[in-house]
Structures are given as C-alpha cells and as structure tokens.
Visitor: 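Here it is, the structure in full.
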2 protein chains.
Amino acid sequence: MTEIDTRGRILDAAELLFTEQGFEATTLRQITGAAAVNLAAVNYHFGSKEALVREVFRRRLTWLNQQRLQELERLEAEAGGAPLKPSRILEVFFGAALKMAADTEGGGRTFMRLLGRTYTKPSEFVRGFLAEEYAAVIERFKAALIKSLPGVPAEEIFWRFHFMLGAMSYAISGADALHVVAPDAIDDGDPEALHARLMSFMLGGLRAPLPALRAKPAKPPRVSKAA
Amino acid sequence: MTEIDTRGRILDAAELLFTEQGFEATTLRQITGAAAVNLAAVNYHFGSKEALVREVFRRRLTWLNQQRLQELERLEAEAGGAPLKPSRILEVFFGAALKMAADTEGGGRTFMRLLGRTYTKPSEFVRGFLAEEYAAVIERFKAALIKSLPGVPAEEIFWRFHFMLGAMSYAISGADALHVVAPDAIDDGDPEALHARLMSFMLGGLRAPLPALRAKPAKPPRVSKAA
DNA sequence: GTCTATATCGGGATAGAC
DNA sequence: GTCTATCCCGATATAGAC
C-alpha cells in the first residue's frame, strides 16, 4: 500500500510520532520501528536525529509558505495597488494552513498540529530554522495587513496577528486540547465548519475597537521608591 | 535569599526547567542541580518524576481556578440572576490568568507559559489530571457565557472560548513565539497593555457575526464513488 | 544501501550509611 | 531527611559484514 522509499517512510513515521509525543520523548527506535526500516537508516539518510527533525519541518513548511506567497501576490496583482480586504488576506494566510490541516490522509493534519505546538516552544536548534522559513511570508503579510487597515497602528496589527496564530493553533490541535476542557467532545471532524468558525472569530478580533492603552511611560514603568 | 525548603526549591527549579525545555528533555539531575539539593531528594519527596510534574501543576492550578470561581460567583451574586456582560466574564477568566502571568518574580509567568503549551499537548499522564482540575471551572464559565449571549449557539460559544484560550496562550508565550515571526521584537514587557490588547481582540472575536455554516450532512461527508 | 552488533553515554530509580 | 554509590535500562550513534 505505502510504496514509498525508506527516506519517506522515516519522515512520515517521525512526523506522526513527534506530533503525538514531542521530539524529545520520541526515540529513533520508535521511528524506525513504525517505519519498518532498520535502526541505522536514520543516521544513514539524515545524519542525526536533529537533522531529521529539521527535515520533517522543511519538507512541508517551504511548500506551505510558497503557496501563501503565490496566492498573496496573485491577489495583489489583481488589485493593482489598491489595498486588499482584511478578510481576503486572512483567507490566504490561514486558509492555506487550514487546508493543509484538513488533509487527514496525507499527514497534513498531523503536521499542522506539530507545527502549532513547536511554534510556542521552539527548541533552540529549530528556532533559527523556523525564523528563516517564515521571515519572508510574515513580512509580506504584515505589510498587506497594515495597508489594508489604515486606522489600526502597525503594532496593534502585529499583536492581533499573533493572537490569530494562537487561535488557529488551538483550532487545529482541536481534539488534543478540547478534550481537556470539554468532557464530551464536540464535532471537530468538519474542516469546513472549523474554517468558517475560525475566520469569523478572527475577523471579529482583527476589526475590534482599539484597546484603550494608557500612555506608556518613556521607560521606567515602576517609580523608584524614593518619591 | 531564597529561604525555602527542599521541596519548594525542587518545585521552583522544575517549573522553570520544564518551561524552558519541556518535561521529557528535563532530567532530574538538572532539576536537583539547579535547586542545589541532592539527586535522591526528588524521589524522596515526590516518589517519581511524573508525580513531580503533576505537583508542579497542581500547586498553582487549584489556586488559579479557585480564584476564578470565587470571582465569578461574586459577580453572579451581585447580578442576582441577571445575565452578566460577556466582557465581565472574560475579564474574570482570562484576567486571573493574565494576572498570574504578570507575576514575573514569583514564577507565575513561567508557569503560565508552561501551562499554555502543555494544554495543547498533554502527555497521557497529565491529561486526566488537567481535565479534573478544569472540569468545574469550564462548566461554570460556559454556562455564564451561554446565558450572557442568548443569540449565539452554545456550540459556537464553545469554539470561541477555545480560540480565546489559544490567543491567550500565545499572548503569554509572547517572547517565545513572537521572536520566531518577528525579527525585531515588540514591547512584550507591559502586562497591562497586553491585557488590554488581548481583551479587545477576544471581545471582538466573541461578538463577531456568526459564521455561515452549511447545513451539516447527517453523517456521510464523502459520497460513495458509486453514484 | 541495508543489516547486526556494539560502543558510549546519560537517564530514572534505589539501597543503605549517616 | 539527606547523602553516596550503584543498578539497570534505553538512548544515540557507529563499525563493519553483507
């Protein structure tokens, strides 16, 4: 059935196990066992466990981010210099992720759950790598959003983008986290419904009234005890 | 300076290391080293590494959730049966967490970062424990929100609550995650500003227009290939 | 390129003196 | 209640036959 080569089998097995257990808790023995390949194959094909981890991310992330950039560029070309609607921008960025997350068969769902979690706690050796993969995309989408929401300060947009990433991460990890708080699970199996729910939530958040921020002190947030 | 007993020193050190590295990657030797206690002390005081992990969560979580319940009950008593404003409810639930997260000195911040991440990927032996700790709180807040938003279906509220948890988690993990996507960091050091930003985002999301959901099929989402 | 066998290391846990 | 010393296991990685 799965007629792929050793290298691919290892990557698939690793992806799944990393998602279920994290890198640290996953052993090469588990991976090679699940992939039905020899223990030594990992070091032969990837050189080390860390290199394997990086490759698990790389093969999907570069593709995902390329999709996002292409879509955004297409929309911007269509608009011919006019700002895009926020909903369109979110649709491209998060839609790509949700689409991948909806791919239960091909392992996309597994990967997105892994990504969401890793993102919050990047082990030192993944952090630099992730930053590199994301740099271009974030820059472009941030710019598009700023242009799209002239009334909203760039800093606020950035934070809201960050919050949205969090919401998406939890949305995708759904089953994992929901069953903690929800005694009886709710659907979770309908990607389209999830997509619609998340988008409306995000748009609501993105367009919310600006928070009333107290004028921030130049630097010293705490007055010295001597008045 | 830190004049606390062995047990407390171990808990503090473990909390910090777990947050930085995860449980799996953290060794008892690191913990006892950082706490400046003997290696055998962990097993003496807690029985096992797993029990230590649970205790790290328990000591802060029960307190946090008690605070939430007390606050909510106080508000509900004040209102005398009338529904609460959504903003008040969110303020209680997330405010308690953010307040704890703002406590840089006492380790509250560290703990909340740990919690946010664990929540998405509960190791089997923590999941049951977390569910138990949360059951009562979630039930009460869910009920309050449903009462507070008569126009919104309970299922939608549940999802939005879930999204909000994700947003908060990322908000608190701020530095960790932001520096991945943001080449140059943004403030992140101002808890009050973060609080205000997050609240306005969440309220916007919670009150967003309902998503247009296609009537969901009874069960078979995929038609059989035989027409 | 795939296997077996093994080197080397560091993990959690415990026994038993103090 | 705290220490030292140690057991036992399973981890990554590699050497070398096939």
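Every heavy atom of this structure was used, including side-chain atoms; hydrogens, water molecules and symmetry mates were not. Naming: A, B, ... by sequence-line order, numbering from 1 per chain.
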Visitor: Can you name the residues that form a side-chain hydrogen bond (donor to acceptor under 3.5 Å, both in side chains) with B:Ser200, not counting sequence neighbours?
Guide: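 Checked B:Ser200 against side-chain hydrogen bond (donor to acceptor under 3.5 Å, both in side chains); matches are A:Arg160.
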Visitor: Specify the residues of residues 21-36 of chain B, ordered by number, for which at least one heavy atom lies under 4.0 angstrom from an atom of DNA chain D.
Guide: none
Visitor: Please identify the 5'-most and 3'-most nucleotides of DNA chain C with any atom under 4.0 angstrom from a heavy atom of chain A.
Guide: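 First and last nucleotides in contact are C:dG1 to C:dT4.
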Visitor: Walk me through whether B:Glu124 and B:Arg127 qualify under salt bridge (Lys or Arg N to Asp or Glu O under 4.0 Å).
Guide: CA-CA 5 Å; B:Glu124 207 45 64; B:Arg127 166 173 290 148; 3.3 Å; yes
Visitor: Residues in salt bridge (Lys or Arg N to Asp or Glu O under 4.0 Å) with A:Glu20, at least two apart?
Guide: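 Residues passing salt bridge (Lys or Arg N to Asp or Glu O under 4.0 Å) with A:Glu20: none at all.
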Visitor: Between A:Asn38 and A:Tyr44, which is nearer to the 5' end of DNA chain C once each is assigned its nearest nucleotide?
Guide: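 Final value for this comparison: A:Tyr44.
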Visitor: Residues in salt bridge (Lys or Arg N to Asp or Glu O under 4.0 Å) with A:Glu73, at least two apart?
Guide: A:Arg140
Visitor: Residues in side chain to side chain contact (heavy atoms under 4.5 Å, CB included) with A:Ala25, at least two apart?
Guide: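 Listed in chain order: A:Gln21, B:Glu24.
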Visitor: Please name all residues satisfying salt bridge (Lys or Arg N to Asp or Glu O under 4.0 Å) with A:Glu192, sequence neighbours left out, ordered by chain then number.
Guide: B:Arg214
Visitor: What side chain to side chain donor-acceptor pair (under 3.5 Å) pairs are there with at least one residue in residues 45-58 of chain B, not counting sequence neighbours?
Guide: B:Arg7-B:Glu55, B:Glu55-B:Arg58
Visitor: List in chain and number order the residues that pass side chain to side chain contact (heavy atoms under 4.5 Å, CB included) with B:Leu75, two or more places apart in sequence or in another chain; answer none if no residue qualifies.
Guide: B:Glu78, B:Leu84, B:Arg88, B:Val92
Visitor: Could you list the residues that satisfy side-chain hydrogen bond (donor to acceptor under 3.5 Å, both in side chains) with B:Gln70, not counting sequence neighbours?
Guide: none
Visitor: Under 4.0 Å, counting only non-hydrogen atoms across every strand here, what does B:Ala41 touch: a base, just sugar-phosphate, or nothing?
Guide: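 It contacts nothing in the nucleic acid.
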Visitor: List for me each residue that meets side chain to side chain contact (heavy atoms under 4.5 Å, CB included) alongside A:Ala14, sequence neighbours excluded, and say none if there are none.
Guide: A:Phe18, A:Ile31, A:Leu52, A:Val56
Visitor: Got a sec? Which of residues 47-55 of chain B come in under 4.0 Å of DNA chain C, heavy atoms?
Guide: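 The answer is B:Ser48, B:Lys49.
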